[in-house]
A.B. asks: 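One structure follows; several queries about it will come next.
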Amino acid sequence: MTSRSLPVLDIAPPGVAPSGPRAPLDPDDARLAEFRPEAPALPRFFVWTLGCQMNRSDSEEMAGRLLSAGCAEATSMEAADLVVINTCAIREAAEAKVIGRQGHLRRLKDASPGLRVVLTGCSVRESNRATLARRYPAVDLFLRPDEEPELVDRLGLASAQGAVGAVPARAVCAATAATTLVKGDLVSDATHLVRARSDAIAGGAVSRGSAISAWLPIIYGCDKTCTYCIVPFSRGPERSRPFDEVVAEARALAEAGYREVTLLGQNVNSYGHDLPAEGRFAHVHTERTVGRRQDREARPDLAELIRAIDGIRADGGAAPAIPRLRFVTSHPWDLSDRLIEAMRDCPSVCEALHLPVQSGSDAMLRRMGRQYTVAHYAERLARIREAVPGIALSTDVIVGFCGETEAEHEATLDLLRAIRFDQVFAAAYSERPGTPATHLADDVPAGVKHRRLVELLAVQEAIGLERNRAWLGRRAEVLLDAVVPPRAHDHEDADEEAAGTPSARDAFRNLPDGVAHLVGRSRENKLVHVAGAPALVGELVSVAIEHAGPYALRGRLA
Ligand code: SAH
Ligand code: SF4
Ligand code: F3S
């Protein structure tokens, strides 16, 4: 430690005798360090993210804002001074996970009283603000999803002046971001998120979790009224980002070397309807149904957007600068012929589509408020399969929604057998407070929901295995994105299970020096395991597929 007794006037600039003329001292001179005011203690933060890709993208933005304010990222909740929990409210189980951690957080706060906990994401809504403090007793500050851009200010961290201890404990802040009414409910208004995102991008305040694949939000909120769903109440009405801003962000990602970009929105298929009409989009006509049919002229749509991003070229390059483009999530009712044509025409658009069907029964789809029929859904898929041969299809299903009969459940199983999806994400219906479905009886007993879910997963597992076996002996283009650490082989973890056949467990043991167990995704979004040099992470490689399980493939570098 240096002594504080050193008088400041005795510091001579380097190379100048104390008696000679004094050159001005460099303010960064290390010897001045001890005379500067103490830097405010900025918190080390940890962001715990639950839920969908939109939440992950939002967390990248929050982390980026905290880093820009001068905070450092902690490696765990236990090592942090500030815990930000980005919640998901889609099912009760997702909220229960966070409620279940309140005791642990309470104990961490007892041990270090400076620790502050912020809870944000879809669990924070105007309609439930009054109950939040009781449900999440360890939390100091609640922010709705549209209030996330205010995180740094609300914590008193703007311009790095205040320490995290400046947050008043138990501050349930009044909403300052805009709200709007949806069917009489006060919900958040995402309008300013569009601005906040462009500010974050311009200021470099997005801390992306990967240097290979990037999330790119294009539309916030959701205008649908699926009766079971909390999202429109958490996220508010749709707001599209300006076309040129999205393309500019994609161009910057290409320049930064990203190999894959996933466009995000609750319903990316309705991108652009709320943007101003422009002459350059005169050829675009879109229809949408929000209560009644609306025609939209001369506004950009998702098809225009992916054509523009696909068209980005590196200097002198002939191929798209971003080799892989994906988008989630699509709503079957809004999936236009224009989009299907763009998927067919754009080489970067991956041969994979996630199109949630929810149920195989028309009566059930009506109760769910999904707008389409099973026949319409099947027609869209037939069209896509024709336009993009070999495309992998995945979907979401809810089992045991209000009034689901055995016949309706069987209809869903029949649909899975008829369509033969590559992957199905299924969950039992979970009633969400404030959603329209609370007016219907949640009358399928828990045991029956569970049995139907198990049945459905068994039907799909067999189909998924067959679809994956079709890859045996073929080559897949794989974007390698991670090294699986050797210790994972000692656990029965999901990837290990996913690697399929029993021999898979041993396939990556005892690899020679310089060779590791790598994983990545094919263009069809299949998880692929392969042995290779760790330096291949981030590369597109060709893998000869030798083993197939229901959830993953395994092969060797070709
Ligand atoms: N915007 C996307 C999905 C959002 S939620 C879309 O429309 O597809 C992701 C999935 O969660 C939904 O597709 C649905 O299958 C499921 N889900 C939504 N609400 C649910 C609820 N209350 N109970 C069970 N599953 C639900
Ligand atoms: Fe929810 Fe339906 Fe909107 Fe998807 S489209 S987020 S399921 S309301
Ligand atoms: Fe969950 Fe909200 Fe996404 S409810 S699924 S985090 S939009």
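Both backbone and side-chain heavy atoms feed into the values below; hydrogens, waters and symmetry mates do not. Not measured: the values here are computed from a predicted model. Just so you know, ligand 1 is whichever comes first in the structure, and atom 1 is the first atom listed for that ligand.
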A.B. asks: Closest by any non-hydrogen atom to atom 8 (O) of ligand 1: pick that one out of Pro356, Cys52, Cys226.
C.D. replies: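 Answer by nearest heavy atom: Pro356.
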A.B. asks: Looking only at N/O atoms, are Gln358 and ligand 1 under 3.5 Å apart anywhere?
C.D. replies: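 Between Gln358 and ligand 1 (N or O atoms, distance only) the closest approach is under 3.5 Å.
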A.B. asks: Please confirm whether Met54 approaches ligand 3 to less than 4.0 Å, judged on its heavy atoms.
C.D. replies: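 Flag not set, Met54 not near ligand 3.
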A.B. asks: Are any of the N/O atoms in Glu431 less than 3.5 Å from those in ligand 1?
C.D. replies: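 No; the residue has no nitrogen or oxygen that sits under 3.5 Å from a nitrogen or oxygen of the ligand.
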A.B. asks: What protein heavy atom sits nearest atom 1 (Fe) of ligand 2, and how far away is it?
C.D. replies: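 Going by distance alone, atom 1 (Fe) of ligand 2 is nearest to Cys229 SG, 2.3 Å.
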A.B. asks: Are the charged groups of Lys526 and Glu351 less than 4.0 angstrom apart, N to O?
C.D. replies: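 Salt bridge: no.
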A.B. asks: Considering the options Arg299, Gln294, Glu238, which one meets the side-chain hydrogen bond (donor to acceptor under 3.5 Å, both in side chains) requirement together with His273?
C.D. replies: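 Among the candidates, only Glu238 passes.
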A.B. asks: Using a strict 4.0 Å threshold on nitrogen-to-oxygen distance, state whether Arg241 and Glu249 make a salt bridge.
C.D. replies: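 The answer is yes: the pair qualifies as a salt bridge.
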A.B. asks: So is Arg101 actually on top of Trp48's ring, under 6.0 Å and inside 45° of the axis?
C.D. replies: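 Ring-cation test returns yes.
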A.B. asks: Taking NZ, NE, NH1 and NH2 as the nitrogens, is one of them in Glu73 or Arg44 under 4.0 Å from a carboxylate oxygen of the other?
C.D. replies: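 No, Glu73 and Arg44 are not salt-bridged.
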A.B. asks: At under 4.0 Å between heavy atoms, which part of Gln266 makes contact with ligand 3: side chain, backbone, both or neither?
C.D. replies: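 Side chain only; the backbone of Gln266 stays clear of ligand 3.
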A.B. asks: Can you list the ligand 2 atoms lying under 4.0 Å from a non-hydrogen atom of Arg370?
C.D. replies: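 Atoms satisfying the 4.0 Å criterion: 2 (Fe), 7 (S).
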A.B. asks: For atom 7 (S) of ligand 2, find the nearest protein heavy atom and state the residue, atom name and distance (0.1 Å precision).
C.D. replies: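 Ranking protein heavy atoms by distance from atom 7 (S) of ligand 2, first comes Tyr228 OH, 3.4 Å.
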A.B. asks: Does an N or O anywhere in Gln266 fall below 3.5 Å from an N or O of ligand 1?
C.D. replies: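 Checking ligand 1 against Gln266, an N or O pair does fall under 3.5 Å apart.
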A.B. asks: Within the stated cut-off of 2.8 Å, is an N/O/S atom of Cys222 closer than that to atom 3 (Fe) of ligand 2?
C.D. replies: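 Cys222 does place an N, O or S atom closer than 2.8 Å to atom 3 (Fe) of ligand 2.
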A.B. asks: Please state which protein non-hydrogen atom is closest to atom 2 (Fe) of ligand 2 and give its distance, to 0.1 Å?
C.D. replies: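 Here the nearest protein heavy atom works out to Cys226 SG, 2.3 Å.
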A.B. asks: Identify whether the distance between the nearest side-chain nitrogen and carboxylate oxygen of Asp295 and Arg288 falls below 4.0 Å.
C.D. replies: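 Not counted as a salt bridge, because no side-chain N and carboxylate O are separated by less than 4.0 Å.
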A.B. asks: Under 3.5 Å between any N/O of Arg432 and any N/O of ligand 1: does that happen in this structure?
C.D. replies: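 Not met; the criterion fails.
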A.B. asks: For Ala89, state whether at least one heavy atom is located under 4.0 Å from any atom of ligand 3.
C.D. replies: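 Yes.
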A.B. asks: Test salt bridge (Lys or Arg N to Asp or Glu O under 4.0 Å) on Asp442 and Arg432 and set out the steps.
C.D. replies: CA-CA 11 Å; Asp442 180 13; Arg432 305 286 59 218; over 6 Å; no
A.B. asks: Does the side chain of His354 come within less than 4.5 Å of Phe327's, by heavy atoms?
C.D. replies: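 No, their side chains stay 4.5 Å or more apart.
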A.B. asks: Should Tyr228 be counted as touching ligand 1, given the test is an N or O pair under 3.5 Å?
C.D. replies: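 It does: an N or O of Tyr228 is found under 3.5 Å from an N or O of ligand 1.
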A.B. asks: Students should be able to answer this: which protein heavy-atom is nearest to atom 22 (N) of ligand 1, and at what distance?
C.D. replies: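 That would be Ser430 O, 2.8 Å.
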A.B. asks: Counting heavy atoms only, which of Pro232, Gly265, Pro332 is nearest atom 8 (S) of ligand 2?
C.D. replies: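 Ranked by closest heavy atom to atom 8 (S) of ligand 2, first place is Pro232.
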A.B. asks: Strictly under 2.8 Å, is atom 1 (Fe) of ligand 3 approached by any N, O or S atom of Cys88?
C.D. replies: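 It does; at least one qualifying atom falls short of 2.8 Å.
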A.B. asks: Heavy-atom pairs closer than 4.0 Å: do any link ligand 2 to the side chain of Asn267, the backbone, both, or neither?
C.D. replies: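 Contact part for Asn267 vs ligand 2: neither.
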A.B. asks: Considering only the protein, which heavy-atom contact is closest to atom 5 (S) of ligand 1, and what is its distance?
C.D. replies: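 Of every protein heavy atom, Ile90 CD1, 3.3 Å lies nearest to atom 5 (S) of ligand 1.
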A.B. asks: Find all atoms of ligand 3 within a distance of less than 4.0 Å from any non-hydrogen atom belonging to Arg235, and give their numbers and elements.
C.D. replies: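 Answer, ordered by atom number: 7 (S).
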A.B. asks: Output the list of atoms in ligand 3 that are nearer than 4.0 Å to some heavy atom of Cys122, sorted by atom number.
C.D. replies: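 Numbered from 1, ligand 3 contributes 2 (Fe), 4 (S), 6 (S), 7 (S).
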A.B. asks: Find all atoms of ligand 3 within a distance of less than 4.0 Å from any non-hydrogen atom belonging to Asn55, and give their numbers and elements.
C.D. replies: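 The list of qualifying atoms is 6 (S).
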A.B. asks: Between Asp396 and ligand 1, does any nitrogen or oxygen pair lie at a separation below 3.5 Å?
C.D. replies: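 N/O-N/O distance under 3.5 Å: yes.
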A.B. asks: Give me the residue, atom name and distance of the protein heavy atom closest to atom 3 (Fe) of ligand 3.
C.D. replies: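 Nearest neighbour among protein heavy atoms for atom 3 (Fe) of ligand 3, to 0.1 Å: Cys52 SG, 2.3 Å.
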